[in-house]
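This report refers to the structure that appears directly beneath it.
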Amino acid sequence: MEYREDIVALLLEQHEQIKILLHRVESTTGPQRREPFDDLVRVLAIHESAEAEVVHPAARHASGEDALVEGRLEEESEAKQVLADLYEMGVEHPAFAAMFTDFAEAVREHAGIEEKEEFAILRERLSDDQRSRMAIAVRVAEAVAPTRPNPVEGDSPAANVLAGPPLALFDRVRHAVRDWQHKTER
């Protein structure tokens, strides 16, 4: 029997990774905070983009309720803006720690609500095969997702599909150049 990835298990694993990164950022200071924060920015941008394209539409369809997803989309839009502000501010800014603490709390609360409400719907109303195909779709969406918050791109799945690939390419080149610069500065 072949292994088939389940979307709920995949998302729970990603939520755990995000919580670990939040803790890493919270437990460091000064310039040492940059690496875990950059990792968090990448993971969150990719994760939220894939959720917007695949998971939220599927949960909305499976539940038949727009309200189930609308609250999460609003939270994600707000978080995307705060993350962009934190990114622009930089980890050494005096206001970063307080703003990040509020952001981290909101992200943890958001993840808990998704796990309790959306993931439960996906488990209850989708077959194993549907959940497996969703995991594949999320992996594909992640491959072309932007790697930093782009609050101006829009929050609709269509906007993510249209804007995502060019922004993702730009972001990945930008990260490669920045990583190369950091390595040559050492």
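Residue numbers run from 1 in the order of the sequence given.
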Handout entry: Among Val55, Leu73, Leu68, side-chain contact (heavy atoms from CB on, under 4.5 Å) partner for Arg60
Key =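 Single side-chain contact (heavy atoms from CB on, under 4.5 Å) partner of Arg60 among Val55, Leu73, Leu68: Leu73.
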
Exercise for the section: Please name the residue in the list Glu118, Glu115, His47, Glu114 that meets the side-chain contact (heavy atoms from CB on, under 4.5 Å) test with Leu11. Expected result: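 It is His47; the other options fail the test.
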
Problem - Trace of the salt bridge (Lys or Arg N to Asp or Glu O under 4.0 Å) decision for Arg108 with Glu105 - result: CA-CA 5 Å; Arg108 288 182 184 107; Glu105 184 179 319; over 6 Å; no

Decide yes or no for [X] and [Y]: does some side-chain heavy atom of the first lie under 4.5 Å from some side-chain heavy atom of the second?
X: Asp39; Y: Arg24; answer: yes
X: Gln32; Y: Phe37; answer: no
X: Phe96; Y: Asp85; answer: no
X: Ser63; Y: Arg125; answer: yes
X: Lys80; Y: Glu48; answer: no
X: Arg4; Y: Asp129; answer: yes
X: Pro36; Y: Thr28; answer: yes
X: Glu109; Y: Glu75; answer: no

Separation between [atom1] of [X] and [atom2] of [Y], rounded to the nearest 0.5 Å:
X: Ile7; Y: Glu51; atom1: CD1; atom2: CD; result: 8.5 Å
X: Phe103; Y: Leu83; atom1: CZ; atom2: CG; result: 4.5 Å
X: Glu35; Y: Leu21; atom1: CD; atom2: CG; result: 10.0 Å
X: Glu16; Y: Ile18; atom1: CD; atom2: CD1; result: 10.0 Å
X: Leu44; Y: Gln14; atom1: CG; atom2: CD; result: 10.0 Å
X: Phe119; Y: Glu124; atom1: CZ; atom2: CD; result: 13.5 Å

Locate the shortest heavy-atom distance separating [X] from [Y]; write the atom from each residue and the value.
X: Leu10; Y: Ala135; answer: CD2-O, 4.1 Å
X: Ala59; Y: Ile121; answer: O-CG2, 4.1 Å
X: Val54; Y: Ala141; answer: CG2-CB, 4.2 Å
X: Gly30; Y: Glu92; answer: C-CG, 3.9 Å

Practice task
Consider only side-chain N and O atoms of Ser49 and Glu53, and report whether a donor and an acceptor are under 3.5 Å apart.
Solution key: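 Checked: Ser49/Glu53 side chains pair up, N/O donor to acceptor below 3.5 Å.
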
Are [X] and [Y] connected, step by step, through hydrophobic side chains (Ile, Leu, Val, Met, Phe, Trp, Tyr) whose heavy atoms are closer than 4.5 Å?
X: Tyr87; Y: Met99; result: yes
X: Val82; Y: Ile113; result: no
X: Leu22; Y: Met89; result: yes

Heavy-atom donor-acceptor pair, [X] side chain to [Y] backbone, under 3.5 Å:
X: Arg131; Y: Leu126; result: yes
X: Gln81; Y: Glu78; result: no
X: Ser132; Y: Asp128; result: no

Exercise for the section: Tell me, with the steps shown, if Glu117 and Arg72 meet salt bridge (Lys or Arg N to Asp or Glu O under 4.0 Å). Expected result: CA-CA 10 Å; Glu117 296 178 3; Arg72 303 305 66 76; 3.3 Å; yes

Problem - His93 and Phe100 aromatic centres sub-6.0 Å - result: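 No.
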
